[in-house]
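Residue numbers start from 1 in every chain, and the chains themselves are labelled A, B, ... in the order their sequence lines are given, proteins ahead of strands.
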Protein chains: 2
Amino acid sequence: MMDARALRKGRPAAVTRKGRKVGRAATKPGMPKPAEKLALGALDGHLGYFLRRLQVAVFQDFIRTLAPVDVRPAQYSVLLIIEANPGRSQAAIGQALHIERARLARMLHELERRRWVERRDGDGRTHSLFLTGDGVTALARIKALAARHEQQLAGLVGPKRRKLLMDLMREFG
Amino acid sequence: MMDARALRKGRPAAVTRKGRKVGRAATKPGMPKPAEKLALGALDGHLGYFLRRLQVAVFQDFIRTLAPVDVRPAQYSVLLIIEANPGRSQAAIGQALHIERARLARMLHELERRRWVERRDGDGRTHSLFLTGDGVTALARIKALAARHEQQLAGLVGPKRRKLLMDLMREFG
DNA sequence: TATTGTTATACTCTATAACTATA
DNA sequence: TATAGTTATAGAGTATAACAATA
């Protein structure tokens with residue numbers, strides 16, 4: 001298991017052949033300070049604090065891992081939900097993902113510009129959303145990178161803990 | 001246990017005496033649509049998706065509950081870390097909470113303006129941070145509201161699950 | 001040269017409001 | 001009158017770069 005810093009910085013923790021971590025001998029110019037640990041105080045009793053910290057670390061790894069395809073978490077979620085529910089309206093997609101319709105409109109313009117998503121007119125005021133052929137092709141590559149990200153996560157928190165966390169949180173998604 | 005929507009909207013779910021939820025008879029003007037559930041697709045396998053969803057719901061409850069004192073999660077975390085580590089520098093606080101020094105500088109200006117935090121000059125380029133008397137007084141009220149928020153969270157996810165989630169994530173904070 | 005704190009800029013995300021065109 | 005989609009604006013949060021003062 002890696003430590004959180006390694007995941008955030010995209011650098012594997014130095015480890016001996018026997019699995020013990022190797023500390024830096026001395027502080028070097030480009031490196032951050034030894035980072036003396038402060039007391040958390042009452043913060044230690046707040047679920048939101050830990051949720052936020054882990055969520056930020058996870059998103060940073062996602063963004064770094066998917067940088068080659070320039071896809072951010074929100075875009076990825078929209079592509080997957082369209083894949084799983086082709087032909088639905090923007091309103092339906094937005095409600096499912098809790099994305100404001102204003103924000104979703106701009107995201108879809110971007111996805112349409114990249115030729116990954118197509119909008120067909122519905123009853124006159126609605127648009128039905130589909131992946132294009134290009135979108136399906138791109139999504140295959142994107143999902144492969146997302147799977148790599150998820151593997152890295154399993155390395156960070158441990159496979160069993162990752163599964164446990166997902167099962168604990170799934171009903172609130 | 002409440003459902004996520006109840007927490008997000010600050011409205012308790014209508015429940016019969018036998019614990020069954022009561023659905024709306026018909027769609028009313030001000031109310032959102034019935035919200036047909038879409039398939040999550042591959043999103044269902046991503047820890048980050050569930051982490052983000054729960055984290056947003058938790059922060060929204062925090063912000064709403066602490067609205068009377070106008071304190072946001074990041075400000076609250078800074079107040080607590082100063083309380084637990086009086087006299088430390090901005091750099092130390094920022095590293096502990098993963099807040100950029102540029103952002104922390106502006107946050108501290110705001111907290112100083114409200115007379116909650118005091119900066120005493122350190123070795124010439126550092127500032128030592130302390131709560132003022134007003135800060136201690138305000139923090140008592142703030143912590144009481146934060147405790148109410150945490151109680152609401154326990155109601156949302158269940159007390160045992162809340163504790164389990166914290167224990168699973170604590171080492172990554 | 002490096003660090004601390006500061007200011008400034010840019011981009012993402014969230015939250016609104018206002019507008020159109022349709023129903 | 002309500003809904004779907006769009007555009008615009010404002011605020012928080014994040015990520016940089018540049019700068020002055022100090023070590």
Fit a plane to each ring of A:H46 and B:F62, take the angle between them on a 0 to 90° scale, and name the class: parallel (under 30°), tilted (30 to 60°) or perpendicular (over 60°).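 Perpendicular.
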Closer than 3.5 angstrom, by distance alone: can the side chain of [X] be matched with the main-chain N or O of [Y] as a donor-acceptor pair?
X: B:T132; Y: B:R115; result: yes
X: A:N85; Y: A:I81; result: yes
X: B:R161; Y: B:V157; result: yes
X: A:Q75; Y: A:R72; result: yes
X: A:E150; Y: B:L47; result: yes

Length of the [atom1]-[atom2] vector between [X] and [N], whole Å:
X: A:R53; N: D:dT14; atom1: CZ; atom2: P; value: 11 Å
X: B:E100; N: C:dA10; atom1: CD; atom2: C1'; value: 14 Å
X: B:L129; N: C:dG5; atom1: CG; atom2: C1'; value: 11 Å
X: A:I99; N: C:dA15; atom1: CD1; atom2: P; value: 12 Å
X: A:R52; N: C:dT14; atom1: CZ; atom2: C1'; value: 12 Å
X: A:R64; N: D:dA15; atom1: CZ; atom2: C1'; value: 14 Å
X: A:F59; N: D:dG13; atom1: CZ; atom2: P; value: 16 Å
X: B:Q55; N: D:dA12; atom1: CD; atom2: P; value: 17 Å

Tell me which residues in residues 67-81 of chain B put a heavy atom below 4.0 Å from DNA chain D, sorted by number, or none.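 Within this stretch, B:R72 sit under 4.0 Å of the strand.
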For C:dT3, does OP1 or OP2 lie under 4.0 Å from any side-chain N or O of B:Q90?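 For C:dT3, neither OP1 nor OP2 has a side-chain N or O of B:Q90 closer than 4.0 Å.
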Under 4.0 angstrom between A:Q60 side-chain N/O and D:dT14 OP1 or OP2: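 Indeed not, no polar side-chain atom of A:Q60 lies that close.
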Those residues of residues 101-118 of chain B lying under 4.0 Å from DNA chain C by at least one heavy atom: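 When residues 101-118 of chain B is checked for heavy atoms under 4.0 Å from DNA chain C, the hits, listed by number, are B:R101, B:A102, B:A105, B:R106, B:H109.
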Does A:R170 pair with B:D44 as a salt bridge, N-O distance under 4.0 Å?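 Salt bridge between A:R170 and B:D44, a charged N being under 4.0 Å from a carboxylate O: yes.
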Can you find a pair of side-chain heavy atoms, one from A:R106 and one from A:E100, that are under 4.5 Å apart?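 In short, these two side chains do not touch, never coming nearer than 4.5 Å.
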Less than 4.5 Å apart, side chain to side chain, heavy atoms only: is that true for B:F50 and B:L40?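 Yes - at least one pair of side-chain heavy atoms lies under 4.5 Å apart.
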Every protein N/O lying under 3.5 Å from an N/O of nucleotides 20-23 of chain D:
| residue | atom | partner | partner atom | Å |
| --- | --- | --- | --- | --- |
| D:dT22 | O3' | B:D123 | O | 3.4 |
| D:dA23 | OP1 | B:D123 | O | 2.0 |

Does the cation-pi check pass for A:R119 over A:F130, that is, NZ or CZ under 6.0 Å from the six-membered ring centre and within 45° of its axis?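 Here A:R119 fails the 6.0 Å and 45° test against A:F130.
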I'd like to know whether A:Q90 forms a side chain to side chain donor-acceptor pair (under 3.5 Å) with A:T126, so could you lay out the CA-CA distance, the side-chain angles of the two residues, the decisive distance to 0.1 Å, and finally the verdict. CA-CA 8 Å; A:Q90 294 184 198; A:T126 64; over 6 Å; no
